[in-house]
Structures are given as structure tokens and as C-alpha cells.
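All chains are named by letter (A, B, ...) in the order of the sequence lines, taking the proteins before the strands, and each is independently numbered beginning at 1.
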Number of protein chains: 2
Amino acid sequence: MPPPVRVLLADDHPIVRSGLRHELDQAGDLLVVAEMSRVCAILDRVRQEGPDVAVLGVEFPDGNGIEACRQIKASCPQTAVLIFTAFDQDTYLAQAWAAGAAGYLVKGVDLDVVIEAIRRVARGEQTYTPEQLRRIRAWQERVEKPLQSLTARETEVLKLMADALTNTEIAERLHVSLKTVETHVQQVRRKLGLESRRDAIAWASHIRSLQP
Amino acid sequence: MPPPVRVLLADDHPIVRSGLRHELDQAGDLLVVAEMSRVCAILDRVRQEGPDVAVLGVEFPDGNGIEACRQIKASCPQTAVLIFTAFDQDTYLAQAWAAGAAGYLVKGVDLDVVIEAIRRVARGEQTYTPEQLRRIRAWQERVEKPLQSLTARETEVLKLMADALTNTEIAERLHVSLKTVETHVQQVRRKLGLESRRDAIAWASHIRSLQP
DNA sequence: CAAAGATTAGGGTAAAACCCTGATGACAAA
DNA sequence: TTTGTCATCAGGGTTTTACCCTAATCTTTG
């Protein structure tokens, strides 16, 4: 009998941890070696336990599981990370991929899919579906590239636009003239290929990477 | 030994159903009599099984658990409904209360709280915390009352404003003149006590009851 | 029928967004 | 050093949008 796959679980919902714990127990070849409800504890425990797989949620009260994934891959690359979340959003999916996660599972999937995904990432495989890979590529093309084409100042202005500030208010906030802000706004619209300020706001508002 | 509390579970995440099933099994006095992943099946099963308690999520792919609660209370009032959701939002909390739910639990709470809440609602008690009741009253005062003061047309216009349409576009959509729309917008702002169109949009956007 | 309120609309002003051009300064390649 | 590129800044002028007022219909209800 091969040694069991050592798994770390992190989710802010006790009921999800309970479900995962029971299902992993029942699988036989999977062993839960650590369990936590907050991101701040994840990195330390990964270093302590050196699990084969870390199953992480995304939105925690005290932080973000994808950021935790990035840290894990930086300091314990031998631990595979599987993102397991309720949020089926391209932003998170693409970010998880970029952070080195071996897979991204939505909580709506069946439990045998979760179990099998843990086994696969423990073997060093990835579990992204072709559809997910397509979505990641499309996101990079449609959002990340255009976003990188913006200058620091333009991104700053776009964030303030997304907060529904007028150009006048943005100008006050940044201590520059109204005309300057108008120029930045026009540049943002041009670079993103958007017709109106309104479209720019809509574009920005579903880009979670802009929020912080 | 008293007869067990008969419980129906509905949640779109298999992992949550699994966790609840195991925890209820372990409690001893709680019996899961039905389990489902979609709202459309809830009402039929409640009628069939006549459970003591229905534990419902809120956002399902095919509908809304709070709406299901309303239907249950209309046709099987003896079944207590406990909302169990990840969304800790005043809109949902107040809607659940209005729909006759006996309690509103956020998924972040400890499992013993969930178990005890099921026992309590089975005995006919409510599980709203004083803080939750305060939030419900504040919501009614701050949102529901002002919203009810709007006419049908004004609510319609507010929805379109929240979709970031300009007054001109709203006028086209409703086949009325720009001037008419401007009047409605002004009325909305007056009734809600808001300074600007922008504030009205912000007000509307976090009112989930306006979205559909 | 009379009063109240909902829906419609127009006139006029202020503000915001949007188009163009252009100056300055930093930095890197020729 | 010079020259080209680009980020940042800014103004002139136009169009669009929002906002203020008043007021005519139409519906509903006491």
C-alpha cells in the first residue's frame, strides 16, 4: 500500500472543512494533516507539515487564498495547491493559474471530482479543463494585456473612475488640473478600446485585480 | 427517546450537503430525510416529506432559496425554514425574515451553532440574534420604506439608472421624452433623499431586490 | 365631482464629458 | 551629446448630460 497523500485544508466555512475532512477520510488514500479557517496560518503550517496538497479557498476574512498559493509556490514548491472555491470567475481562475495553482475547482462540482483532483495534483498533474485553459487565455488577451498597457497614472485614474468619481473630483484627489485628468481618461479609453467613460467603468468594475 | 427531528437539506454545493449530512448524523437526534441541489425540487419534497426543518441556501443556479422559503411557509407552514448561506448581507437577511424564515445562519459560524439552531427552530423558536433583528429593522427603515414610496414608473427608471443608462437612453427604452425621464429621476432622488444621480445609482446597486 | 397623485413634457442653466493640440521632463538608443 | 519616445501635464472649444423650475393630462378615490 502506497503512503497516503498528505493534505492541508483551508476554508473559512467550518461546514466545508467538515465535508472535506469526512470525504477525504472515506477515500482511504488521503490524509488530512492540517486544517485552518484563516489564510494567515496557511504558510506556517505548510512549512511545518510539508503536505503533498494544499486545498485552499479564495476569499477569507483575513486575506486571499490565491495570494497564499503564490507564497506557497515560492517557499514550498513541492506542495501542490488546489483552489476550491464558490467563485466561478475568470479573474480568480486566471490569477490562480498565474500563482502556480495546479487546479481550480468550483464548489458546485461532485465530490468524486474533488477527490480525484487531489490525487492527480498529488501526482504532479494539473486539473485545469480545456475550457478553463481557454478562459484563462481569453482573460489574458482581453484583460491582462490591455491592463498592462496602461501607465501607472492611467491605472490610478481608472480606479478612481471605477469609484464613480467625476474628472473634477479625480483632479482634486490627484492635485492636478481637470484637463490633465481628461487626457488620462481619454488615453485609458483609447488603450482599452472603449467608446465611453461608462464602458471604462464597467470594464474596471469586474476586474478584481484593480480593487485593492 | 423523542422522535428525531426530520430535516431537509438544500444547497447547490455537494461539499456543504456532505458536511451537513455527516454533522446531523453525528448529532443523533437529527435525521436527514431529503437532500437536493436545486430549488425547483424543494417545494415538492417538502410536501412529500413534511420535514420539521428545511435548511436552505440562498443563491442556487436555478433560483433563490428565500423565494422557496416563502412558498414553503405558504403551503406547509408547519415546516420551519432555516436559511444557511455564505452571504452575510442585509438584503438577504431582511428578505429571509420577511419570507418567514425562522433563522438566518451565515456559513462562517461553528457547526455546533448550526446543530443547535436546527433543534431550536424545530421547537418553533426563532434564532435571529438581537444584532440581526437590529439590522433587519434598520434595513426596513433605510431601504424598504423609501423603496415603497416610489411609484412603479420611478422604480423602473431607478433600475435603468442602476444599469448605467443615461436619461436619453432611458427615454428611448421607455418610449417617453427625455424631459419625462428627468422628472422621474428628480422624484426618485427627492424621495430617497439623495443629492445626485450618482448617489441614486450607488443606493440602487446594493439593493438586490431591485436586480431582477 | 373634487382632490390627490401618477405620468407626461418643456424651458433654461450648470456641469460634465469629450474632441483636438501642445508644452515639459525623463530616459534610452543612436 | 543628441534625438526619439513616452509619461505627465494642461488649455481651447464643442457636445452631451444632468439638474432646476413650472405645468398639462390622466387615473383613482373619497
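- A salt bridge does not link A:D11 to B:K107: none of the charged side-chain nitrogens sits closer than 4.0 Å to a carboxylate oxygen.
- Using a cutoff of 4.0 Å between basic side-chain nitrogens and carboxylate oxygens, B:R153 and B:E156 are scored as salt-bridged.
- In this structure, A:I170 atom CD1 and C:dC18 atom P are separated by 11 Å, rounded to whole Å.
- Regarding B:H184, its NE2 atom lies at a distance of 10 Å from the C1' atom of C:dA9, rounded to whole Å.
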(Q) Go through it in stages, so that I can follow the logic: the residues are B:V143 and B:W203, the test is side chain to side chain contact (heavy atoms under 4.5 Å, CB included), and I'd like the CA-CA distance, side-chain angles, deciding distance and then a yes or no. (A) CA-CA 9 Å; B:V143 175; B:W203 192 94; 4.1 Å; yes
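- Taking only side-chain nitrogens and oxygens, B:T183 never comes nearer than 4.0 Å to OP1 or OP2 of C:dT7.
- Contact between the side-chain N/O atoms of B:S177 and the OP1/OP2 oxygens of C:dG10 is found at a separation under 4.0 Å.
- Ion pairing of A:E195 with A:R189 is absent here, as no side-chain N (NZ or NE/NH1/NH2) approaches a carboxylate O to less than 4.0 Å.
- Set against D:dC9, C:dA9, C:dA16, the side chain of A:T168 has C:dA16 as its closest nucleotide.
- Atom CD of B:E182 is separated from atom C1' of C:dA14 by 13 Å (rounded to the nearest Å).
- Applying the 4.0 Å criterion to OP1 and OP2 of C:dA16, one finds that A:N167 has every side-chain N and O outside that range.
- Rounded to whole Å, atom C1' of C:dA16 lies 14 Å from atom CZ of A:R198.
- Following rounding to the nearest Å, A:I201 (CD1) and C:dA16 (C1') show an atom-to-atom distance of 12 Å.
- Rounding to whole angstrom units, CZ of residue A:R189 and P of C:dA17 are separated by 11 Å.
- Taking side-chain N and O atoms only, A:R153 has no distance below 4.0 Å to OP1 or OP2 of D:dC6.
- Between B:Q186 atom CD and C:dT13 atom C1' the separation is 13 Å, expressed in whole Å.
- Applying the 4.0 Å criterion to OP1 and OP2 of C:dT8, one finds that B:T180 has every side-chain N and O outside that range.
- With rounding to whole Å, A:Q187 atom CD is found 16 Å from D:dA10 atom P.
- Side-chain atoms of B:K179 lie closest to C:dG12 of the nucleotides C:dG12, C:dC18, C:dA6.
- OP1 or OP2 of D:dT8 sits under 4.0 Å from a side-chain N or O of A:T151.
- Side-chain N or O atoms of A:R120 include one that pairs as donor or acceptor with a backbone N or O of A:Q126 at under 3.5 Å.
- Proximity of A:R190 to the phosphate of C:dC20: a side-chain N or O atom is located under 4.0 Å from OP1 or OP2.
- If you check D:dT8, C:dT7, D:dC19 against the side chain of A:A152, the one that comes closest is D:dT8.
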